[in-house]
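Please read all numbers here as calculations on a predicted model, not as lab measurements. Note on naming: letters A, B, ... go to the chains in the order of the sequence lines (proteins, then strands), and numbering restarts at 1 for each one. Quick note: numbers below take in every heavy atom, side chains included, and nothing from hydrogens, waters or symmetry partners.
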Amino acid sequence: MASERYNHRVTEPKWQAYWTENKCFEAEIDPARPKYYVLEMFPYPSGRIHMGHVRNYTMGDVIARFRRACGFNVLHPMGWDAFGMPAENAAIERGVHPKGWTYDNIATMRAQLKNMGLAIDWSREFATCDPSYYQHEQAMFIDFLQAGLVERRVSQVNWDPIDQTVLANEQVIDGRGWRSGALVEKRELAQWFLKITTYAQDLLNALDELPNWPEKVRLMQKNWIGRSEGMKFSFDLEDADGNALPDGLSVYTTRHDTIFGASFCAVSVDHPLAKQAAATNLELQDFRKEVAALGTSEENIERAEKRGLPLGIFARHPFLSDVRIPVYAANFVLMGYGEGAIFGCPAHDQRDFDFARKYGLPILPVVAPRDHVGDVVVGSEPYVDGAGDDAVLVNSAFLNGLSTADAKAEVARRFEESFRGSRRINFRLRDWGVSRQRYWGCPIPVVHCKSCGIVPVPKQHLPIELPEDVKFDKPGNPLLHHPTWRHVPCPSCGNAAERETDTFDTFIDSSWYFARFCSPHAATPVDAAAAKYWMGVDQYIGGVEHAILHLLYSRFFARAMGATGHLQMDEPFKSLFTQGMVIHETFKSQDGEWVLPSDAVQTNGAWMHRETGQPLTVGGVEKMSKSKRNVVDPDTIIDSYGADTARWFMLSDTPPERDIEWTSAGAEGSWRFVQRIWRLVNEVSERAGKTGNAEDDLVLRRATHKVIGWITDDLMALRFNRAIARIYELSNALNAALSKASTAALREAAETLVLLFAPMMPHLAEECWVALGNSNAVVDQAWPKADPAMLVEESVTMAIQINGKRRDEIVVPKGAGKEFLEPLVLALGSVKRVLNGKPVIKFIVVPDRIVNIVCAS
RNA sequence: GCGGGCGUGGCGUAAUGGUAGCCGCAACGGACUUAAAAUCCGUUUUUCGAAAGGAAGUGCGGGUUCGAGUCCCGCCGCCCGCACCA
């Protein structure tokens, strides 16, 4: 009966079971149909799903169901990014095993996701900690090694003292570990590196071929790769007495045009020259320590003044035989970029300027605006512009009068002629250090042998599985403390050798999972035929926080897999969408403790604690986080309102790329709409065999077919909030027509409505479909098509403007032209009144939209 | 500092250069009810006006256009990303 409420607790599990039993979402290769691969960034099994997951997976699910209805062969898989530190922390804190903890979490979260009613092919599910997954990762690493894409080298690494592991540059944020938040230290360690820099140029170029990626993300990657065109050249060095030193000083610059403005050279404190000088210079030793301790965090950089110590040696100016400039060790020169050494041109660089001011070094201007008059003077700021054609070189011998570009070319030519230097393109991008001194990760499949050196594990010995009998009783890597695991014979000579005890950065696991989903049970990492059919991902959805790390690594991995014959597709993600966060009000008690929203109640406009009655202060609306306790548990919402309500809320009102604020009022609103739809549909189904007013039928039918077109366009463009507004419109139109239109028109509108919201609220759609008397399932219905005949309007309402101001409106036949409109409009009382006898200068008609009369004002 | 984005009712938002505010939330009024909840109907940018009907209005100041929330120039504010990268 219509009076009965829609009961999600019964309905939702029923339809979930139906979809599962009928294998509705299990994807199979079908060359006859176009494929569509929808993927949301797979979750880390932290314990329970959060609202961010609900939003992300709802969006992906709408796309999957919509595309499926449109006739695409849809692949929509799910898996688990299952290696990582939290599992080890749980082991340390609670004595559970990382493996058990992880798989338990997966079981919980899988059940939660299933409650959401997602159209996922669960037969393809895997976790990255499954040996059947990571063995392929190990095999590919060996291939990468043989292809020269892997290097082991001793390097200064970012050491996280809390997690006791190395971090990639990308994982250091403001000088702190991205996970632990600990101040990162510098250490020298032998590490494995994936040579992402091999593809620096290609990774940069290909960004232009990703038009369906957000501009923001492409820019972030561009900046991260950081290409700069410059020159590497060397200065001759001499000691204080003018005796030539054996080695030169190699520097990198992008402003070689300013060479005549050079007044000092500066090297990093880690530069060999600085280290060498420090051996006999106590002051310099202290300075090096101090700089190392400061790190490179943002605040430090802001605060740190430019400082340096002279090394007591001098560089000869390459073009001025009588000029020599001092060499400093300076805190603002980075060893990791260029040559770890620069020449300073204070007049045209802010840092050099600050440094020169502090140490009284000459500031000689060598670039000036083209239209400058008289002597060029240095003000309180360096002149750093002048890249274009509006600046010329001055005080620069043979460069005088040239543009900066021409001057660069001339300096480069002279340096190259004299073999003193060469043009050089530098990238900010560093190779990817992937060794982690942790247990819960993929073991790196190599053996260290005293006689053979580094020996890759033969592929037939893979997977190298993690031992399960490990202890977490002391800091550091449990694999290193395991009594037997690492002791193995050398695969090459058979003598006693040791396994690598480092494991992979977990970002490797997530750098190719999308390819594995194409053939999750294949004996090779990727089955070529499956990948050929399914790849690339047609729509990838995730948080913008992965704009650099995960997305750049994945693009690199696709290339490396291409070089080793595993994948024939450089760009894995054709379209990328970065969704906004879920935010929520925060509450604080009087003693400054964060309070759960579920404990906050409002009485007479004031917030108080549900139990203690203590008044609460309302804080900002912020990202849901455990620390601020402003979280809402999806389970609670799904239990009380149903998955469809939660899904509907996540798609409503706010555009998907923006942050959405979860409110209980909004959730209740969504729930009411679910009930309203149920009531409407039942009223329609009870209204059998009634004839209606032809006029009302037409109005309803037109609304129905117009909405089909709108929603189709909106879903194609991922404008979920707009699609939802249109659904409300159609349901309002249906409601208004209930007592007036014929049964046929009502049924058509109701069935269309159900099909249109089915991607968003699939359970409700199925139940309504049955209530309307259908014996099949919505999941098998094709997407509705608008009847063009219903889109043709005979008359339109046109606005009438006078001098751009709206004065009236008029209903006229569609397509009415100027000849028809002019006499009609000018005869209107409202128009006559405003014109007040003034002559019409112009009569503009925008067909079917607007009439604008221009008259003297 | 560099780069990007955004600024519209009480709130979330909508608007191929063409009637600003669709749709939702909240609020208010009414119906139903013994009552409440739920539901249904209606009102809701501001302002003047009894009404009819005016006026103003998309952060601020200019410009282009018959016409600007939308395009251009200059500001202000907020958000995000990057940052001693030579």
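- Between B:G77 and B:G29, the two C1' atoms lie 39 Å apart (nearest whole Å).
- Here B:G18 sits opposite B:C66 as a Watson-Crick or G-U wobble pair (both hydrogen-bonding atom distances under 3.5 Å).
- The same atom, P, is picked in B:G67 and in B:U19; the two are 15 Å apart, to the nearest Å.
- A:H317 has its ring centre less than 6.0 Å from the ring centre of A:F260.
- Distance, A:F427 CZ to B:C85 P: 18 Å, rounded to whole Å.
- The CG-P distance, from A:L429 to B:C82, rounds to 15 Å in whole Å.
- Spacing between B:C6 and B:G10 at atom P, rounded to whole Å, works out to 23 Å.
- Salt bridge A:E657/A:K216: absent, no basic N to carboxylate O contact under 4.0 Å.
- At the heavy-atom level, A:V333 lies under 4.0 Å from base atoms of the strands shown.
- Of the C1' atoms belonging to B:A56 and B:G24, the separation is 27 Å, rounded to the nearest Å.
- When rounded to the nearest whole Å, the span between CD of A:E683 and P of B:U39 equals 13 Å.
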Extract from the structure each pairing of a protein N or O with an N or O of nucleotides 2-6 of chain B at less than 3.5 Å, listing the distance.
none

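- Cation-pi geometry between A:R726 and A:W710 is satisfied (NZ or CZ under 6.0 Å from the ring centre, within 45° of the ring normal).
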In B/S/- notation, 5' to 3', how is nucleotides 15-29 of chain B contacted by protein heavy atoms closer than 4.0 Å?
SB-BB--BSSSS---

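- The distance from atom OH of A:Y6 to atom P of B:U39 is 17 Å, rounded to the nearest whole Å.
- Comparing the C1' positions of B:G57 and B:G7 gives an interatomic distance of 15 Å, to the nearest angstrom.
- The two residues A:G261 and A:P346 come nearest to each other via the heavy atoms O-CD, 3.7 Å.
- A donor-acceptor contact under 3.5 angstrom links the side chains of A:Y337 and A:S228, judged on distance only.
- For the pair A:D352 CG and B:G1 P, the interatomic distance rounds to 19 Å; values are reported in whole Å.
- Base pairing of B:A51 is not made with any nucleotide, judged by Watson-Crick or G-U wobble geometry with both donor-acceptor distances under 3.5 Å.
- Rounded to a whole angstrom, the distance from the C1' atom of B:G1 to that of B:G21 is 39 Å.
- Taking the six-membered ring where the residue is Trp, the centroids of A:Y328 and A:F355 are separated by under 6.0 Å.
- Protein atom CH2 of A:W671 is 7 Å distant from nucleotide atom P of B:U39, rounded to whole Å.
- The CG-C1' distance, from A:D714 to B:U13, rounds to 14 Å in whole Å.
- When rounded to the nearest whole Å, the span between CG of A:L552 and P of B:C82 equals 13 Å.
- Close to B:A86, at under 4.0 Å from its OP1 or OP2, lies no side-chain N or O of A:Y252.
- With P as the reference atom, B:C76 and B:C60 are 15 Å apart, rounded to whole Å.
- Under a cutoff of 6.0 Å and an axis angle of 45°, A:R5 and A:W678 do not form a cation-pi pair.
- Glycosidic conformation at B:G10 (O4'-C1'-N9-C4 for purines, O4'-C1'-N1-C2 for pyrimidines): anti, more than 90° from 0.
- Across B:U45 and B:C41, the matching C1' atoms stand 23 Å from one another, rounded to whole Å.
- Base pairing of B:G77: its partner is B:C6, meeting the Watson-Crick or G-U wobble criterion (both donor-acceptor distances under 3.5 Å).
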Could you run down nucleotides 43-63 of chain B 5' to 3' and tag each one B, S or - for protein heavy-atom contact under 4.0 Å?
----------SSSS-------

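- For A:N735, the side chain to side chain contact (heavy atoms under 4.5 Å, CB included) partners two or more places apart in sequence, or in a different chain, are A:R676, A:L680, A:L738.
- Applying the side chain to side chain contact (heavy atoms under 4.5 Å, CB included) rule to A:Q201 yields the partners A:L204, A:N205, A:R227, A:F427; only residues at least two apart in sequence or on another chain are considered.
- With sequence neighbours excluded, the residues that form a side chain to side chain contact (heavy atoms under 4.5 Å, CB included) with A:T58 are A:V54, A:V62, A:M116, A:R647, A:L651.
- Side-chain N or O atoms of A:D808 include none that pairs as donor or acceptor with a backbone N or O of A:I800 at under 3.5 Å.
- At a threshold of 4.0 angstrom between heavy atoms, the contacts of A:N735 are confined to the sugar-phosphate backbone, with no base atom among them.
- At the heavy-atom level, A:N721 lies under 4.0 Å from the strands shown only through sugar-phosphate atoms.
- With hydrogens and angles ignored, the 3.5 Å screen pairs a side-chain donor or acceptor of A:R555 with a backbone N or O of A:L203.
- Summarising the geometry of A:G340 relative to A:V333, their closest heavy-atom pair is O-CG1, 3.4 Å, with the distance given to 0.1 Å.
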